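Only one structure is covered here, and it is reproduced in the block below.
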Amino acid sequence: MRKLISSLAAVTVAASLALAAPAAPAFAAAPTATRSGAGAPGSNAATKTLVLYDNTGPYSWLGEDYATMATNLVSHFGSWTAHPVGAYKAGEMSAYSAVVYVGSTYDEPLPTAFLDDTLADTKPVVWMYNNIWQLTARSADFVGTYGYTWKGYDTSPVSRIDYNGTTMTRDVRNAGGIMDYVVSDPAKAVPVGTAVRADGTTFPWGIRSGNLTYLGEIPLSYITSSDRYLAFSDLLYSVLAPQTAARHRALVRIEDVGPDADPAELRAVADYLYSKKVPFTVAVYSRYRDPKGVNNDGKAEDYTLRQRPLVVSALKYMQSKGGTLLQHGYTHQLDAIDNPYDGVSANDFEFFMAHVDANDAVIYDGPVKNDSALNVTARVMASRTDWLLAGLKQPTIFEFPHYAASALDYKTINTLYGVRYERGLYFPGVLSGGTVDNSTARMVGQFFPYTVRDVYGSTVIPENIGNIEPEPFNQHPAVLPADLIANAKTNLAVRDGVASFFYHPYLGTDYLKQTVEGIQGLGYTFVSAAAMS
């Protein structure tokens, strides 16, 4: 059984090199629809964020991708509104707690109203990457007011960002550069993080002065569990919830449990977690399929939970020990095809297509052929019937197999559940109100260090530090407890963040013990999924 978390992380804006490309006026702007959304459960009803993004030039879709990711994050704090920066109206930001502007297009034409309102210093503004020169040019005395000015993009390889005493990684393939600065008044211009070059020299990753927090790059590309993306996730607290006290919670999900599971393994996992007073979640698919007989000497197998009463008994035992069951798809595979491996449940995708290429890398191909709300609903209902016939209470949380689905699928699941526990894929067109582009070249993957309500409208319980994989596969290295614990340690930089991982019960309990106790040793407290939603 395999889980493709590393693949999902790598999808996160693979086109980052496009960041420095200049705008091309010959390209029409993307749709300018204004979208608004509610905050995540527990967010502040009074907190409202305006997210502005670039939408001209050949990479207009990239601006929307980044804005979607930013919008997902700010939903943790309260409601949001998002639209292209070109549609900004004078005085608009006065209705919001703060503004986040994603400058993805070089020389995007910015409305003077937006520049003037930013310089008026009445609302906090987080400005990322491009076009800061338009703001400085509009100011009568930017250097005197803010105590610094931009110098130019430094394209030196930077693989490390230091933020509030925590070292975070940065992928050196991200060659778009980071803005360097000339600081004239250190009392006004306070560095936000430190970029460390390969030779050990440093420069500010960002600058905070007055109402303006400027980040020299867009920290939403090539993200991993230890990435400077976490610095941005925490920085939003400084802007939107500065009084937030430090709190560090952890979650564990037992993964890929189907009718073929070993009841003894499930009970052993439950007994250990219960002994440590650790609540947990169990991801269950209700029907096991091996249509080509890969694991049964060429003879097909197909059975449901009801036909495996010992597994059902073990699931009920897990519930008695603090476990919550969620629906992890229906069969966790698709028909009698290799998608991408062998058609066996828990190995393959169910709601998305993929293949393994000649370099042994998993490649996402796009939505399934019969992708529709009817198809998704039918599979969900068939699984719910299995749960009912097995005597299990209906689940209230959903997780897509291998964290992959189309935008339509995510929207459909939102109407059926409203709560997902996973990472997600996001596509251009959803935020802007245009035609949804499900092409894998333009989709992004995102994980969260805290609960959000994403652009599909669903509450998303986070999984953000990965899983144990004792052996390397598909170009991904082995991942051991020490790696997850290290990721959890980096995530301590998010002042009210989580360390959430998943675990396959066939691995036994030794790795689980090491991981749980190592995370607890960092000061995390394990909580249930319900506590996050």
Side-chain angles (χ1 to χ4, degrees), residues 12-13 16-22 52-54 59 62-63 66-67 69-70 73 85 99-108 110 115 118 124-137 139 142-143 146-164 166-186 188-223 227-236 238-239 493:
T12 312
V13 191
S16 295
L17 297 182
L19 289 175
L52 303 172
Y53 58 96
D54 295 343
Y59 298 102
L62 190 58
Y66 286 137
M69 298 174 78
L73 288 173
V85 66
V99 179
V100 174
Y101 165 57
V102 188
S104 61
T105 298
Y106 192 95
D107 271 348
E108 177 85 0
L110 300 183
L115 301 175
T118 298
V125 176
V126 178
W127 187 306
M128 288 181 267
Y129 201 49
N130 279 320
N131 307 318
I132 189 67
W133 46 87
Q134 295 186 44
L135 185 68
T136 59
S139 172
F142 187 89
V143 174
Y146 291 93
Y148 76 98
T149 191
W150 58 276
K151 182 178 179 181
Y153 289 123
D154 189 316
T155 57
S156 304
V158 172
S159 61
R160 170 182 155 196
I161 301 295
D162 293 340
Y163 175 80
N164 290 348
T166 298
T167 295
M168 299 177 179
T169 57
R170 181 180 184 273
D171 198 317
V172 293
R173 292 177 297 171
N174 189 344
I178 304 174
M179 182 62 75
D180 199 357
Y181 317 86
V182 176
V183 176
S184 56
D185 189 345
K188 290 182 178 179
V190 179
V192 176
T194 301
V196 183
R197 303 183 184 93
D199 62 3
T201 57
T202 65
F203 62 103
W205 181 61
I207 297 282
R208 180 186 295 114
S209 181
N211 69 311
L212 180 64
T213 300
Y214 173 71
L215 299 181
E217 65 167 341
I218 300 175
L220 300 170
S221 58
Y222 293 108
I223 63 176
D227 188 74
R228 85 289 191 220
Y229 167 76
L230 300 174
F232 177 62
S233 300
D234 178 72
L235 176 66
L236 292 174
S238 299
V239 176

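Because the structure is a prediction, the values reported are computed rather than measured.
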Nearest atoms (heavy-atom pairs only) where D154 meets S156: OD1-OG, 2.6 Å
Under 4.0 Å between a side-chain nitrogen and a carboxylate oxygen: does that hold for D199 and R197? no
Can we call the ring centroids of Y129 and Y153 under 6.0 Å apart? yes
For the OG atom of S221 and the CZ atom of R228, what is their distance to the nearest 0.5 Å? 4.5 Å
Quick one: closest heavy-atom pair of Y163 and M168, and the distance? CD2-CE, 3.9 Å
When rounded to the nearest 0.5 Å, the distance separating CG of N164 from CG of L230 is 12.0 Å
Tell me the closest heavy-atom pair linking P191 and I207, and the distance in Å. CA-CD1, 4.3 Å
Do the non-hydrogen side-chain atoms of Y101 and T118 ever get within less than 4.5 Å of each other? no
Contact summary for Y181 and L215, nearest pair of heavy atoms: OH-C, 4.2 Å
Taking the ring centre of each residue, are Y148 and F142 less than 6.0 Å apart? yes
Counting only N and O atoms by type, is there a donor-acceptor contact under 3.5 Å from the side chain of S209 to the main-chain atoms of K188? yes
For P124, the side chain to side chain contact (heavy atoms under 4.5 Å, CB included) test, sequence neighbours excluded, returns A98, V239
I'd like to know if the side chain of D54 and the backbone of S104 have a donor-acceptor N/O pair within less than 3.5 Å. yes
Heavy-atom nearest pair, M128 first then P219, reads SD-CD, 3.6 Å
Donor + acceptor pair across side chains of D162, W205 (<3.5 Å): no
Y229 meets the side chain to side chain donor-acceptor pair (under 3.5 Å) criterion, sequence neighbours left out, with Q446
Decide yes or no on side chain to side chain contact (heavy atoms under 4.5 Å, CB included) for V196 and T167, but give the supporting numbers first. CA-CA 10 Å; V196 183; T167 295; over 6 Å; no
So Y214 and M179, do their side chains get closer than 4.5 Å, heavy atoms only? yes
So does V158 get a backbone contact from the side chain of R170, meaning a donor-acceptor N/O pair under 3.5 Å? yes
Counting only N and O atoms by type, is there a donor-acceptor contact under 3.5 Å from the side chain of Q134 to the main-chain atoms of E108? yes
Supply the atom-to-atom distance D227 CG to Y222 OH, rounded to the nearest 0.5 angstrom. 12.0 Å
Is the closest side-chain donor-acceptor distance between N211 and Y146 under 3.5 Å? yes
Quick check: does any side chain N or O of T136 sit under 3.5 Å from a backbone N or O of W133, one acting as donor and the other as acceptor? yes
Give the C-alpha distance, both sets of side-chain angles, the deciding distance and a yes or no for side chain to side chain contact (heavy atoms under 4.5 Å, CB included) between I223 and M69. CA-CA 11 Å; I223 63 176; M69 298 174 78; 4.1 Å; yes
What's the shortest heavy-atom distance between N131 and D107, and which atoms? OD1-N, 2.7 Å
